[in-house]
Amino acid sequence: FEQPTARAISLHLALGEISDVASLVSVIQDEVAMSTGNSLPKVAAATLLSSAHAVSWNQSQLLTVHVVDGATAAYNIPMAHWLRRGGESGQEGAVSSSMVASSVASVADRHAVLRSTYEASSSGGDGFAQRVHARLDERTLLREVSASSTEAAEALAAADASTGFDLLGEHGGVLRCMLVRVETPGSEAARHLLQINVHHVAFDGASDDVLFSELGPLYDVLSAGGSVADAGLPELPAQYVDYAVWQRRSEEHTSELQS
């Protein structure tokens with residue numbers, strides 16, 4: 001922490017002011033602006049999807065663990081939620097699996113880290129690089145299964161939570177979704193358990209609040225025939241890949257000054 005920006009970020013961490021990726025990016029933007037007069041530099045739009053980019057220090061550590069230990073579930077962050085539809089009545093109604101898939105894909109459209117894959121690299125990033133992809137395939141994003149009871153549905157979610165991710169390679173991924181349908185007796189509509197499982201390389205414990213604060217409004221507007229813009233979500237000032245690239249360039253700059 002010899003650089004002023006790094007020292008400042010470490011202080012924010014010690015004070016508990018950084019709890020998720022959004023607050024981390026905000027702190028970095030403020031510190032970079034104060035030290036350089038500029039905002040956090042962004043990866044150029046022209047190269048975001050066409051080039052490989054550096055990974056952050058934390059991502060490099062997690063990817064190294066993956067190489068050594070394989071697809072362990074130790075760094076999974078599973079989130080299981082029973083879905084409710086029906087408005088003010090509180091009665092559960094029909095849940096559209098296609099709209100769930102579209103909503104999750106739209107969240108990933110906003111957060112490039114959820115649609116990134118990782119690969120071995122000989123240039124920087126401690127042997128790893130990341131690639132951002134245009135959009136997740138809605139046809140394969142959501143796995144639909146059925147269960148005979150609440151307990152059976154939760155058992156399926158637990159099994160998914162204990163299954164690791166294959167992080168490296170073009171077919172790797174950091175996000176998995178499963179929608180479990182549970183039939184109910186009589187005329188009541190079926191219940192649905194949504195399991196979203198994300199690897200820690202792209203997510204942290206506080207990120208679930210961000211995810212579901214966006215997922216709900218997106219599902220509502222898309223189900224009503226609206227567009228993503230109708231959800232009224234704020235534009236993101238930066239992506240995690242911007243932070244990762246900035247961090248590595250800062251590291252290189254420090255090394256050059258010390259040599």
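Remember, predicted model here, so these are calculated numbers, not experimental data. Residue numbers run from 1 in the order of the sequence given.
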Sequence-distant partners of H111, side-chain hydrogen bond (donor to acceptor under 3.5 Å, both in side chains), two or more places apart
E214
Taking atom types as modelled and ignoring hydrogens, do the side chains of Q59 and Y118 form a donor-acceptor contact shorter than 3.5 angstrom?
yes
Do S162 side-chain atoms and A159 backbone N/O form a donor-acceptor pair below 3.5 Å?
yes
Is S106 close to L222 at the side-chain level, that is, under 4.5 Å between some pair of heavy atoms?
yes
Aromatic ring pairing H199/Y75, orientation class (parallel under 30°, perpendicular over 60°, tilted between)
tilted
Examine the side chains of S56 and Y243 and answer whether a donor and an acceptor come within less than 3.5 Å of each other.
no
Under a 3.5 Å threshold, yes or no: a donor from one side chain and an acceptor from the other, between T150 and R191?
yes
Salt bridge between R181 and E144, side-chain N to carboxylate O under 4.0 Å?
no
Verify, without hydrogens or angle tests, whether K42 (side chain) and P237 (backbone) share a donor-acceptor contact under 3.5 angstrom.
yes
In chain order, what residues pass the side-chain contact (heavy atoms from CB on, under 4.5 Å) check against L141, with sequence neighbours excluded?
V104, A105, L136, L175, C177
Tell me, please, which residues at least two apart from R143 pass side-chain hydrogen bond (donor to acceptor under 3.5 Å, both in side chains).
none
According to side-chain contact (heavy atoms from CB on, under 4.5 Å), who are the partners of D230, at least two apart in sequence or on a separate chain?
V221, S227
For P78, what residues pass the side-chain contact (heavy atoms from CB on, under 4.5 Å) criterion, not counting sequence neighbours?
N76, A161, Q195, N197
Please check: side-chain N/O of D166 versus main-chain N/O of G172, any donor-acceptor pairing under 3.5 Å?
no
Which residues pass the ring-ring contact (aromatic ring centres under 6.0 Å, His included) test with H133, sequence neighbours left out?
none
